[in-house]
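Reviewing the structure listed below.
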Amino acid sequence: MDRYSVIENKNKREIVLLKGFPCIWGKCAFCDYIEDNSTIEDEINKVNFEVLSNITGKYKVLEVINSGSCFELPKQTLSRIKEIINEKKIEKLFLESHWCYRNKLNEMRDFFGVPIIFKIGVETFDYDFRNIILNKNARFKTVEELKNHFDSPCMLVGIVGQTKEMIDKDMEIILNNFEHATINVFVNNSTSIRRDEEIVKWFVEKYKYLDDNPKIDILYNNTDFGVGD
């Protein structure tokens with residue numbers, strides 16, 4: 001498992017994949033990342049401290065991810081991240097959180113004391129597909145409601161059941177409403193959700209130009225950020 005990397009192409013930053021406690025929701029139909037979670041705090045902190053020791057402050061920007069939300073990281077890990085932010089003079093932090101924590105985000109902003117780009121797994125702005133098919137439990141109704149809390153949506157494309165029209169609408173929304181977004185092209189995993197190869201081929205051809213858009217990170221494979229396995 002690679003847990004530290006440097007993103008060199010767009011939005012240059014260091015990124016760490018940490019271990020956390022179990023995801024507050026943990027029921028998304030497409031997700032098996034939660035297998036990386038643990039309930040043994042000492043084990044979590046040991047892994048995380050080792051990973052965090054790699055941070056150099058090279059670009060003064062750090063992204064911290066785990067298999068859930070940043071609120072599921074132990075207090076000792078959060079404190080160590082804060083120390084590193086001060087030691088390495090980190091000026092901007094990327095964190096990710098589930099919709100369930102939307103009213104707690106400012107706690108993290110106050111704790112770390114640097115600007116935070118809060119990412120959220122939206123997957124799609126189609127309400128029914130997001131919450132019924134994907135079982136995301138992110139029950140916002142409008143883009144404005146989402147923007148009141150979060151800065152950067154993470155989208156999922158290439159799933160059986162998605163339509164081209166649905167994806168077109170999602171792309172229009174992220175391009176017109178957000179300064180940053182991540183698009184994950186779905187790769188089959190241990191869940192029952194399946195990849196639609198035809199939709200993926202269509203998406204890659206139509207939206208290839210987004211590779212050059214500095215606002216958009218596209219992951220064609222899960223490990224394109226250099227972390228994971």
Side-chain angles (χ1 to χ4, degrees), residues 1-26 28 31-121 138 149-154 179-182 184 217 219 222-229:
M1 175 81 76
D2 294 319
R3 294 187 178 273
Y4 169 83
S5 185
V6 181
I7 299 171
E8 301 279 9
N9 54 349
K10 288 189 274 187
N11 298 296
K12 296 180 187 298
R13 60 198 187 272
E14 291 174 277
I15 184 170
V16 289
L17 170 59
L18 303 182
K19 290 184 76 71
F21 293 120
C23 175
I24 191 174
W25 177 240
C28 296
C31 177
D32 62 1
Y33 299 150
I34 55 175
E35 294 175 4
D36 189 43
N37 294 335
S38 175
T39 57
I40 306 172
E41 187 166 353
D42 287 345
E43 171 195 303
I44 295 172
N45 284 320
K46 181 179 179 182
V47 170
N48 291 347
F49 276 49
E50 183 176 342
V51 175
L52 291 167
S53 69
N54 291 288
I55 295 169
T56 66
K58 180 178 182 180
Y59 292 120
K60 309 302 180 188
V61 183
L62 174 65
E63 179 164 358
V64 176
I65 61 175
N66 57 291
S67 301
S69 301
C70 57
F71 295 93
E72 288 135 18
L73 294 170
K75 289 182 180 179
Q76 278 187 278
T77 290
L78 291 172
S79 294
R80 183 63 189 131
I81 294 169
K82 184 174 181 177
E83 290 172 357
I84 289 171
I85 285 173
N86 293 327
E87 291 168 6
K88 304 299 181 181
K89 297 180 171 52
I90 302 295
E91 298 173 353
K92 183 163 67 174
L93 184 62
F94 284 78
L95 294 178
E96 187 165 356
S97 172
H98 190 278
W99 177 249
C100 293
Y101 291 111
R102 62 193 178 279
N103 294 318
K104 293 173 63 69
L105 304 185
N106 284 336
E107 294 179 17
M108 283 291 178
R109 292 189 171 103
D110 292 341
F111 177 74
F112 285 115
V114 295
I116 295 177
I117 305 298
F118 258 111
K119 301 170 77 170
I120 177 175
H149 302 282
F150 292 91
D151 310 294
S152 175
C154 299
E179 289 303 311
H180 181 267
T182 303
N184 298 277
D217 289 318
L219 281 71
N222 297 337
T223 56
D224 281 352
F225 275 161
V227 293
D229 61 9

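Nothing here was measured: the structure is a model prediction, and the numbers come from that model.
To the nearest 0.5 Å, atom CD1 of residue Ile65 and atom OH of residue Tyr33 are 9.0 Å apart. Atom CD1 of Ile85 is separated from atom CG of Leu52 by 10.0 Å, given to the nearest 0.5 angstrom. Between atom CG of residue Asp42 and atom CD1 of residue Ile40 there is a gap of 9.0 Å, rounded to the nearest 0.5 Å. Of the inter-residue distances, the one linking Ile90 atom CD1 with Ile81 atom CD1 reads 11.0 Å to the nearest 0.5 angstrom. Between atom CG of residue Leu62 and atom CG of residue Leu93 there is a gap of 5.5 Å, rounded to the nearest 0.5 Å. Of the inter-residue distances, the one linking Asn37 atom CG with Glu35 atom CD reads 9.5 Å to the nearest 0.5 angstrom.
Judged by distance alone, the side chain of Asp36 and the main-chain N or O of Asn66 form no donor-acceptor pair under 3.5 Å. A donor-acceptor distance shorter than 3.5 angstrom exists from the side chain of Asn54 to the backbone of Val51, with no hydrogens or angles considered. Listed for the Ser38 side chain is no donor-acceptor partner under 3.5 Å among the backbone atoms of Ile44. Distance alone, capped at 3.5 Å, places no donor-acceptor pair between the Arg3 side chain and the Val16 backbone.
The shortest heavy-atom contact between Pro74 and Asn48 is CD-ND2, 4.4 Å. Across Cys23 and Ser67, no two heavy atoms sit closer than the pair CB-O, 4.1 Å. Taking both residues in full, the closest heavy atoms of Cys70 and Met108 are given as O-CE, 3.7 Å, listed atom of the first, atom of the second, then distance. Scanning both residues, Tyr59 and Val6, for their nearest heavy atoms gives CE1-CG1, 3.7 Å. Of all the heavy atoms in Lys19 and Leu73, the pair that sits closest is O-CD2, 3.2 Å. The two residues Ser152 and Ile117 have their closest heavy-atom pair at CB-CG2, 3.9 Å.
Taking a 6.0 Å sphere around CD of Glu87, one finds it holds more than 12 heavy atoms contributed by other residues, nucleotides or ligands. Summarising the local packing, CD of Glu83 is surrounded by more than 12 heavy atoms from other residues, nucleotides or ligands at distances under 6.0 Å.
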Original post:
Passes side-chain contact (heavy atoms from CB on, under 4.5 Å), Phe112 versus Leu95? Steps please.
Top reply: CA-CA 11 Å; Phe112 285 115; Leu95 294 178; 4.0 Å; yes
Subject >> Glu8/Lys58 under side-chain contact (heavy atoms from CB on, under 4.5 Å): CA gap, chis, key distance, verdict >> reply: CA-CA 11 Å; Glu8 301 279 9; Lys58 180 178 182 180; 3.0 Å; yes
**OP:** Output, in order, the C-alpha distance, side-chain angles, deciding distance and verdict of side-chain hydrogen bond (donor to acceptor under 3.5 Å, both in side chains) for Tyr4 and Glu14.
**Re:** CA-CA 8 Å; Tyr4 169 83; Glu14 291 174 277; 2.6 Å; yes
**OP:** Determine, stepwise, if the pair His149 / Ile120 fulfils side-chain contact (heavy atoms from CB on, under 4.5 Å).
**Re:** CA-CA 10 Å; His149 302 282; Ile120 177 175; over 6 Å; no
**OP:** Could you walk me through whether Phe150 and Leu105 pass side-chain contact (heavy atoms from CB on, under 4.5 Å), step by step?
**Re:** CA-CA 9 Å; Phe150 292 91; Leu105 304 185; 3.8 Å; yes
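Ion pairing between a basic and an acidic side chain is recognised when a charged N comes within 4.0 Å of a carboxylate O; Arg109 and Asp151 show such pairing. The pair Glu43-Lys46 does not count as a salt bridge, with every side-chain nitrogen at least 4.0 angstrom from each carboxylate oxygen. In summary, Arg13 and Glu91 do not engage in a salt bridge, as defined by a charged side-chain N under 4.0 Å from a carboxylate O.
Remark: the Glu72 side chain and the Tyr101 side chain contain an N/O donor-acceptor pair separated by less than 3.5 Å.
Using a 4.5 Å heavy-atom cutoff, the side chains of Asn11 and Glu63 are not in contact. Val61 has its side chain out of reach of Lys12: every pair of non-hydrogen atoms, C-beta onward, lies at least 4.5 Å apart. Within the 4.5 Å cutoff, side-chain heavy atoms of Phe111 are placed close to those of Ser79.
Aromatic ring orientation, Phe71 versus Phe118: parallel (interplanar angle below 30°, classes split at 30° and 60°).
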